[in-house]
Amino acid sequence: MKLRREFRNFKIFAFDGDGVLWRGRTPIPSAIKVLNKLLSMGKTVVLVTNNSTKSRIMYQETLRKMGINLPLTNIYCSSYGAAVYLSEHGYRSAYVVGEDGLKEELMKAGIKVKRKAEAVVVGMDRKISYSKIATASRLVRDQGAFFLATNRDATFPTEKGEYPGAGSIVAAIEVAAKKPVDVDIGKPQPYMFQLIMKDHAAEPSEIVVIGDRLETDIAAAKRISAKSILVLTGVAKKADVEKSREKPDYVLKDLSELLE
Ligand SMILES: [Mg+2]
């Protein structure tokens, strides 16, 4: 099995996680085979996910258990993206509405996680409460804190159907703060891909973005003028492609179709 001709010239293969490499907690078998094939060819494989609940180290461990070894420098979760963005812009403290992975990345970047903070960082938080929304929105509205969203995904898919995503929490805080976010670093915004291009010294033409959602993965590829592949192992179905304004360059039934 070799890589199909049309994909051979890409240097960086940027994979989304959920719906592409795994579904819920279950790895997609063809994905493991294809990723290891790409790695054996010397291609750069990166994970790019809007999920902010895990840190890079947590994702490295998840991938390792699946049989994929990626260096930390190839893992771009929105928790890490948020930490890089804040430190690049000189913020030294953040109030976090989010989970342990997000806090871990911020602290690793030297950002103090506390209530009286210069920035408010909002991600997925399965222990969201009225008091957290109140603290975050008051910091933004009354103290002028910088307001960062890890992503605006309205929902995420689970075995039981769609559940509220980070975007629903961001929206609640925006309404209470009477102010939209200052920045959203998640897909379809280009920030994490800009980091990848900088860290791995790559041009948009050298990257192919692989995802299962038209409105995030494929739209993000368009924004950075990179080629994109939609895989039908997750959220989007073939009929969705025809209805959508975001057209992928390639549509694959599953990742094994990257090979021939
Ligand atoms: Mg996905």
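Note that ligands are numbered from 1 as they come in the structure, with each ligand's atoms numbered from 1 the same way.
Annotation: cation-pi geometry satisfied between Lys54 and Tyr59 (NZ/CZ under 6.0 angstrom from ring centroid, within 45° of ring axis).
Under 2.8 Å from the Mg ion (ligand 1) lies no N/O/S atom of Asp217, from backbone or side chain alike.
By the side chain to side chain donor-acceptor pair (under 3.5 Å) test, Tyr76 pairs with Asp199, His200, sequence neighbours left out.
The name of the N, O or S atom in Asp18 nearest to the Mg ion (ligand 1) is O.
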Subject >> Test salt bridge (charged side-chain N to carboxylate O under 4.0 Å, His left out) applied to Glu61 and Arg64, step by step >> reply: CA-CA 5 Å; Glu61 182 60 12; Arg64 197 189 57 73; 2.8 Å; yes
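Environment of NZ in Lys112: sparse, with no more than 12 heavy atoms of neighbouring residues, nucleotides or ligands closer than 6.0 Å.
At the Mg ion (ligand 1), the vertex angle linking OD2 of Asp16 with OD1 of Asp212 is 90° (nearest 10 degrees).
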